[in-house]
Amino acid sequence: MAKDSANDWNTRTKLVHAGSRRSQYGEMSEAIFLTQGFVYESAAQAEARFIESGPDEFIYARYGNPTVRMFEERMAALEGAEDAFATASGMAAVNGALFSQLKAGDHIVSAKALFGSCLYITETLLPRFGVEVDFVDGADLDQWRAAVRPGTKLVFLEAMSNPTLEVIDIAAVAEIAHAVGAIVVVDNVFATPIFQRSIALGADVVIYSATKHIDGQGRCLGGIVLGTREFIRGTFEAYLKHTGGALSPFNAWIMLKGLETLDLRCRAQAASAQRIAEALQGHPNVPRVIYPGLPDHPQAELVRRQMEAGGTMIAIEVAGGKPAAFRFLDALRIFRITNNLGDAKSLVTHPATTTHQRLSPEQRAALGISDGMVRISVGLEDAGDLVADLLAALEAV
Ligand SMILES: *Cc1c(COP(=O)(O)O)cnc(C)c1O
């Protein structure tokens with residue numbers, strides 16, 4: 001199959017063309033190879049392929065598939081990674097990135113502000129298999145310094161925390177981790193691959209839930225792990241292909257088409273988020289607005305250094321606790337109540353009663369998640385309409 005090469009292209013060009021493969025029909029749009037397997041021209045060819053498959057040779061969709069490979073190569077080109085492996089969901093990516101390289105007796109350090117399922121893996125599953133996990137406040141570099149030790153296998157963190165949008169200094173954490181030989185694994189979902197290049201900042205392995213901005217239209221689950229060719233093909237692929245977390249070719253195609261507009265969508269959504277955050281600041285019913293693009297964000301200087309824009313997410317505190325937050329959510333007409341994010345549709349979540357319900361009130365307090373906190377994912381609608389919807393709903397509070 002003919003392939004497009006991407007090394008000297010800029011982001012927008014890579015997002016449209018990188019990794020494209022064309023069959024003998026010369027189809028213009030990326031084809032969906034909705035096939036579980038591949039036939040061989042001879043028994044000898046089958047034998048040879050099981051010994052070693054070339055870059056354009058496939059065996060079984062759990063191991064790889066041309067449509068999935070296009071998505072992997074486009075993502076690797078975007079992120080500046082040597083290689084990538086796509087997974088059935090973001091959690092298959094997180095699970096694989098950790099379990100593929102850990103064993104009993106290993107020590108890891110993790111930021112404590114994690115997506116619920118990531119917390120389940122680090123807090124409950126890994127210790128069950130004899131992995132020692134220490135948790136730190138990700139924004140406090142002294143805690144990272146104190147927690148790592150010679151022999152620490154890896155550090156794990158979400159670059160921007162959910163829902164309080166705290167930003168972790170990737171370059172500084174990477175320096176601390178690399179000094180003891182630990183691998184840096186970054187879940188970059190909230191920061192997006194458009195606004196933050198974690199590999200360039202020092203991360204060794206980067207993970208995305210493609211379910212979020214990469215699909216961006218709320219259709220499919222998907223995930224991806226990016227890193228060196230040695231890690232992806234030497235360590236990760238063996239784990240994933242034998243444990244069954246492969247991305248379906250149909251979902252890979254949805255993600256590929258999502259990538260074509262990713263840069264445009266993220267920039268439009270971030271511009272609206274900036275405008276909304278500014279419009280809500282100082283509102284009498286909103287004592288606190290957290291948005292990484294605001295000059296009063298606790299890590300505004302780090303955000304300027306590490307990110308190209310403040311992202312597509314905002315967290316606000318609605319005065320009056322849970323009853324007020326619920327009245328606010330119920331009064332919105334454009335924003336939909338759901339727990340997805342990064343979507344074309346603007347979405348709102350009440351973390352204390354949904355995504356972070358499982359935590360104790362003390363744990364929520366320690367993470368800064370109050371009963372009045374509302375998480376906002378800004379979509380592609382008209383920004384003026386979004387501001388008007390939010391302000392009208394705040395009147396109802
Ligand atoms: C959604 C999410 C995940 C999990 O992704 P799925 O595709 O839902 O499995 C992991 N990490 C973060 C930060 C997320 O937002």
Side-chain angles (χ1 to χ4, degrees), residues 68 71-72 75 79 84-99 110-126 138 155-168 170 184-196 198 203 205-226 240 243-248 250-252 254-255 258-259 262 266 269 273 292 307 311-315 338-343 345 347-349 351 354-359 367 369 375-379:
V68 175
F71 172 56
E72 291 169 344
M75 279 301 300
E79 189 75 33
F85 200 99
T87 56
S89 67
M91 285 322 302
V94 173
N95 176 74
L98 296 177
F99 272 88
S110 173
K112 66 176 182 225
L114 294 182
F115 183 74
S117 303
C118 297
L119 193 63
Y120 175 73
I121 290 179
T122 50
E123 195 178 47
T124 306
L125 277 186
L126 287 173
V155 304
F156 177 63
L157 59 101
E158 290 174 15
M160 189 194 280
S161 71
N162 170 28
T164 53
L165 309 182
E166 206 173 59
V167 179
I168 296 182
I170 311 273
V184 178
V185 181
V186 173
D187 177 334
N188 206 40
V189 170
F190 273 59
T192 82
I194 298 301
F195 297 133
Q196 179 171 293
S198 291
V205 177
V206 175
I207 296 165
Y208 290 100
S209 162
T211 316
K212 314 294 167 54
H213 303 81
I214 293 172
D215 174 330
Q217 288 149 86
R219 297 162 293 192
C220 286
L221 287 174
I224 195 154
V225 175
L226 302 111
L240 230 288
T243 53
L247 180 64
S248 100
F250 181 80
N251 290 8
I254 295 278
M255 301 308 177
L259 283 179
L262 181 69
C266 284
Q269 289 169 237
M307 296 185 64
T312 65
M313 306 294 295
I314 304 170
T338 185
N339 39 276
N340 191 20
L341 62 101
D343 199 86
K345 294 179 170 61
L347 312 171
V348 282
T349 308
T354 60
T355 54
H356 293 71
Q357 189 194 77
R358 209 170 60 86
L359 301 184
L367 293 174
I369 304 167
R375 188 187 81 182
I376 300 173
S377 171
V378 178

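Both counts, for ligands and for their atoms, begin at 1 and track the order of listing. For the numbers below, each heavy atom of this structure counts, side chains included, while hydrogens, waters and symmetry mates do not.
Scanning all heavy atoms of the two residues, the minimum distance from Pro163 to Ile369 falls at CD-CD1, 3.6 Å. Smallest separation of non-hydrogen atoms from Phe190 and Ser161: CD2-O, 4.2 Å.
Polar contact check, Phe190 against ligand 1: no nitrogen or oxygen pair lies under 3.5 Å apart. Residue Gly90 places at least one N or O, backbone or side chain, under 3.5 Å from an N or O of ligand 1.
Using modelled atom types, one side-chain atom of Ser377 and one backbone atom of Gly342 make a donor-acceptor pair closer than 3.5 Å.
Within 6.0 Å of the NZ atom in Lys345, the count of heavy atoms belonging to other residues, nucleotides or ligands does not exceed 12.
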Exercise. For the pair Leu341 and Leu347, evaluate side chain to side chain contact (heavy atoms under 4.5 Å, CB included) and give the outcome as yes or no after the intermediate values.
Key: CA-CA 7 Å; Leu341 62 101; Leu347 312 171; 5.5 Å; no

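For atom 7 (O) of ligand 1, the nearest protein heavy atom (residue, atom name, distance) is Thr211 OG1, 2.6 Å. Of all protein heavy atoms, the one closest to atom 14 (C) of ligand 1 is Lys212 NZ, 3.0 Å. For atom 3 (C) of ligand 1, the closest non-hydrogen atom on the protein side is Phe115 CE2, 3.4 Å. Of the protein's non-hydrogen atoms, Met91 N, 2.8 Å is the one closest to atom 9 (O) of ligand 1.
Using 4.0 Å as the threshold, Gly222 has a heavy atom nearer than that to some atom of ligand 1. Residue contact check for ligand 1: Asp187 places a non-hydrogen atom closer than 4.0 Å to it.
Checking each of Val184, Val186, Ile207, Val185 against Ser198 for a side chain to side chain contact (heavy atoms under 4.5 Å, CB included) leaves exactly one that passes, namely Val186.
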